[in-house]
Q: 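Sharing a structure with you now.
Only this structure's heavy atoms are used, side chains among them; waters, hydrogens and symmetry mates stay out.
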Amino acid sequence: FLESWPAYHALQVGGLAEMLHLAPAYAGFATLVGVPFAKLGLGLDGTMRLVSLPGLAVLVGFALSLRAVDKRQALLVTVLAAGSPIAYFSLAAGHPEETLAAAAGAAGVLAAVRNKPTLSGVLIAIAIIAKQTGVLALLPAALALPRPKLRSLAIPIVAAGLVYGGLHYLRPPGAEL
């Protein structure tokens with residue numbers, strides 16, 4: 001997050017072109033998730049807290065999708081997922097995109113196991129756009145499907161190509177990659 005903060009600050013004072021000039025390599029997350037929250041002008045701490053919410057929401061949704069039997073189990077699963085050491089350390093280190101990428105990637109593989117290729121593709125696309133390491137979920141998801149379906153692989157590849165290709169195209173000349 002600290003790598004993204006100069007870009008978020010530049011967004012407020014110089015606009016989108018200045019933000020893209022300073023955006024880190026994982027600008028998909030920084031642009032699609034961070035920009036709306038950064039525009040609120042809540043400063044470093046406020047923006048960090050808001051940018052963390054999508055990852056925590058996907059993590060909790062993933063945990064709940066494991067089919068907790070009753071309300072107490074669902075509450076326990078929610079607390080354990082959102083308060084897990086992995087979630088805590090990724091947020092404490094200033095990388096909320098890690099939480100989103102990990103949770104969406106794992107949920108994408110679970111959707112593939114449950115033979116939901118479109119949902120799997122969308123979740124893995126979210127993982128890849130959040131952080132390029134989300135691509136690691138592609139192969140397990142493809143192997144988990146009873147019959148590999150092209151759309152489960154095409155959705156995240158096309159989405160990542162559009163987001164990262166679009167951001168690269170919009171990035172001003174001379175901007176660091």
Q: Just so I know, are the side chains of P117 and N115 near enough to count as touching, which here means a heavy-atom distance under 4.5 Å?
A: yes
Q: Please work out which of the three classes, parallel, tilted or perpendicular, describes the rings of H9 and W5, given edges at 30° and 60°.
A: tilted
Q: Looking at NZ of K39 and OG1 of T47, how far apart are the two atoms once the value is rounded to the nearest 0.5 Å?
A: 12.0 Å
Q: Identify the residue among I128, V135, I129 that makes a side-chain contact (heavy atoms from CB on, under 4.5 Å) with P156.
A: I128
Q: Mind checking the CD1-CD1 spacing from I124 to I155? Nearest 0.5 Å is all I need.
A: 9.5 Å
Q: With rounding to the nearest 0.5 Å, note down the distance linking CG in L143 to CG in L138.
A: 10.5 Å
Q: Mind listing the closest non-hydrogen atom pair of A87 and L59 along with its distance?
A: CB-CD2, 3.7 Å
Q: With a 4.5 Å limit on heavy-atom distance, are the side chains of L53 and R49 in contact?
A: no
Q: Write down the atom of P140, the atom of V109, and the distance for their closest heavy-atom approach.
A: CB-CG2, 4.0 Å
Q: Looking only at heavy atoms, which two atoms of V113 and A144 are closest? And how far apart?
A: CG2-CB, 3.7 Å
Q: For S52, give me all partners under side chain to side chain donor-acceptor pair (under 3.5 Å), at least two apart in sequence or on another chain.
A: none
Q: Might you point out which heavy atoms bring A101 and K131 nearest each other, and give the distance in Å?
A: CB-CB, 3.7 Å
Q: Under a 4.5 Å cut-off applied to non-hydrogen side-chain atoms, are I126 and L100 in contact?
A: yes
Q: How long is the straight-line distance from CD1 of I157 back to CG of L162, given to the nearest 0.5 Å?
A: 12.0 Å
Q: Grab the two heavy atoms, one from L153 and one from A142, that are nearest each other, plus how far apart they are.
A: CD2-CB, 3.7 Å
Q: Rounded at 0.5 Å granularity, tell me how far CE in M48 sits from CG in L42.
A: 14.0 Å
